Amino acid sequence: MTSSHGSHPFHLVDMSPWPLTGSIGAMMLTTGLVKWFHQFNMNLILLSLVVIILTMFQWWRDVVREGTYQGLHTLIVMKGLQWGMILFIVSEVLFFFSFFWAFFHSSLSPTVEMGMYWPPLGVQPFNPFQIPLLNTIILLSSGATVTWAHHAIMETNHTQAIQSLGLTSLTIILGFYFTLLQAYEYVEASFTIADSVFGSTFFVATGFHGLHVIIGTTFLSVCFLRLYNCHFSAKHHLGFEAAAWYWHFVDVVWLFLYIFIYWWGG
């Protein structure tokens with residue numbers, strides 16, 4: 001590969017303003033959170049979110065251009081990107097593992113402060129066979145359509161890929177539906193995040209999972225547009241592959257949440 005940096009098998013990126021604007025946005029976000037907590041003023045945090053969202057949009061737009069139109073994503077570069085995504089998902093696994101650790105630590109040995117009882121007295125957990133079961137069906141069915149689309153891309157069957165990802169667009173809608181059901185569940189909950197360690201672990205774990213569902217839904221939406229514009233081939237579809245990995249990770253985390261927090265923990 002020949003670029004402005006010479007002939008080599010690696011991708012040395014050109015100068016970009018987005019790492020700087022991303023760092024400024026992150027600093028504004030941290031400062032804005034402190035200001036919100038102490039002065040109940042959200043102006044800075046809202047401005048920081050605008051900066052971060054614009055930075056992400058333009059940075060990833062440049063990455064798509066590099067890989068699709070400029071040919072900078074060689075096999076070695078893609079292998080590095082794959083490992084980066086794998087390590088990112090591993091870090092996410094450890095992130096959720098900490099929440100499950102806190103949940104099991106308290107549920108298997110309830111303290112005196114909780115009445116040595118789990119769930120704590122006064123906390124009415126959700127029925128796992130109502131909204132949680134519906135959300136489980138939604139996520140698992142979406143994982144099937146994403147897998148279908150992935151195999152269609154690898155087999156160079158563009159028509160079938162569009163059809164399967166068309167179902168994934170339905171999945172995208174269902175992803176938003178999942179989020180709405182989660183919000184409804186929070187509103188109707190008989191307990192809050194302040195109700196002992198049960199409320200804390202429940203809302204933090206399910207809340208962060210809901211955030212990951214929103215991110216994954218956005219990921220799939222972008223992949224649908226890229227597939228429609230013929231950005232993917234049988235050997236060059238890392239963007240979709242990463243989205244599929246991420247969505248399957250979200251599915252697996254929800255299964256653990258459903259089994260251990262909704263069903264067993266309740």
Side-chain angles (χ1 to χ4, degrees), residues 1 8-14 16 18-19 22-23 25-26 52-53 55-100 139-140 142-156 161 164-165 168-169 171-172 175 178 205 208-257:
M1 181 184 73
H8 52 73
F10 302 104
H11 177 202
L12 301 179
V13 297
D14 295 323
S16 172
W18 312 131
S23 301
I52 291 173
I53 291 172
T55 298
M56 290 191 300
F57 175 82
Q58 294 172 104
W59 197 345
W60 291 332
R61 175 206 61 190
D62 290 350
V63 172
V64 170
R65 287 175 176 173
E66 291 167 358
T68 306
Y69 302 115
Q70 297 176 338
L72 298 178
H73 289 182
T74 62
L75 292 177
I76 293 179
V77 172
M78 286 197 295
K79 187 173 289 292
L81 293 173
Q82 285 175 331
W83 274 109
M85 190 65 191
I86 290 171
L87 292 175
F88 170 69
I89 292 177
V90 169
S91 72
E92 294 283 275
V93 169
L94 297 176
F95 178 73
F96 279 98
F97 180 79
S98 63
F99 300 142
F100 285 107
L139 282 185
L140 293 183
S142 68
T145 58
V146 168
T147 302
W148 179 21
H150 191 191
H151 282 281
I153 291 172
M154 289 191 293
E155 294 170 2
T156 323
S164 58
L165 209 60
T168 306
S169 67
T171 298
I172 293 168
F178 176 97
F208 272 112
H209 177 267
L211 177 62
H212 283 69
V213 169
I214 294 172
I215 295 171
T217 304
T218 307
F219 212 162
L220 290 175
S221 301
V222 173
C223 285
F224 179 79
L225 293 175
R226 294 190 64 196
L227 181 60
Y228 184 77
N229 290 308
C230 302
H231 285 189
F232 300 131
S233 67
K235 294 183 179 180
H236 200 289
H237 55 273
L238 180 60
F240 185 87
E241 192 172 43
W245 290 350
Y246 189 84
W247 195 253
H248 291 318
F249 160 73
V250 169
D251 286 349
V252 172
V253 170
W254 176 256
L255 282 178
F256 278 95
L257 285 172

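In this text, all values refer to a predicted model and were calculated from it rather than measured experimentally.
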In a table with atom names and distances, give each donor-acceptor pair under 3.5 Å that connects a side chain of residues 78-89 to protein atoms at least two apart or in another chain.
from : atom 1 : to   : atom 2 : distance (Å)
Q82  : NE2    : E241 : OE1    : 3.0

| Would D251 and H248 satisfy side chain to side chain contact (heavy atoms under 4.5 Å, CB included), going step by step from the backbone distance to the final call? | CA-CA 5 Å; D251 286 349; H248 291 318; 4.1 Å; yes

| In Å and rounded to the nearest 0.5 Å, what is the CG to CZ distance from L257 to F99? | 10.0 Å

| With T218 via side-chain hydrogen bond (donor to acceptor under 3.5 Å, both in side chains) - residues at least two apart | none

| Roughly how far, to the nearest 0.5 Å, is the CH2 atom of W60 from the OG1 atom of T55? | 10.5 Å

| task | Find the distance between NE2 (H150) and CH2 (W245) and round it off to the nearest 0.5 Å. | result | 8.0 Å

| task | List in chain and number order the residues that pass ring-ring contact (aromatic ring centres under 6.0 Å, His included) with H231, two or more places apart in sequence or in another chain; answer none if no residue qualifies. | result | Y69

| query | More than 12 heavy atoms of other residues, nucleotides or ligands under 6.0 Å from CZ of F57: is that the case? | reply | no

| note | Applying side-chain hydrogen bond (donor to acceptor under 3.5 Å, both in side chains) to T217 and not counting sequence neighbours gives none

| Residues which pass side-chain hydrogen bond (donor to acceptor under 3.5 Å, both in side chains) with E66, listed by chain and number, not counting sequence neighbours | none

| Non-hydrogen atoms of L220 and A243 that approach each other most closely | CD2-CB, 4.2 Å

| remark: Looking only at heavy atoms, the pair that brings F232 and H237 closest together is CD2-CA, 3.7 Å

| remark: S16 meets the side chain to side chain contact (heavy atoms under 4.5 Å, CB included) criterion, sequence neighbours left out, with W18, P19

| field | Crowding at CG, L94 (>12 non-hydrogen neighbours, <6.0 Å) | value | yes

| said: Are Y246 and I215 packed together at the side-chain level, in the sense that at least one heavy-atom pair is separated by less than 4.5 angstrom? | reply: yes

| field | Pairing residues for F256 by the side chain to side chain contact (heavy atoms under 4.5 Å, CB included) criterion, not counting sequence neighbours | value | F100, V252, F260

| field | Check: F240 and I153 side chains under 4.5 Å, non-hydrogen atoms | value | yes

| Say you draw a straight line from CZ of R226 to OG of S221; how long is it, rounded to the nearest 0.5 Å? | 13.5 Å

| Which residues pass the ring-ring contact (aromatic ring centres under 6.0 Å, His included) test with H209, sequence neighbours left out? | F178, W254

| said: For S233, give me all partners under side chain to side chain contact (heavy atoms under 4.5 Å, CB included), at least two apart in sequence or on another chain. | reply: H236

| Residue list, side chain to side chain contact (heavy atoms under 4.5 Å, CB included) with L140, at least two apart or on another chain | T136, L255

| note | Rounded to the nearest 0.5 Å, the CG atom of L227 sits from the CZ atom of F224 at a distance of 7.5 Å

| said: The criterion is ring-ring contact (aromatic ring centres under 6.0 Å, His included); which residues satisfy it with W247, sequence neighbours excluded? | reply: none

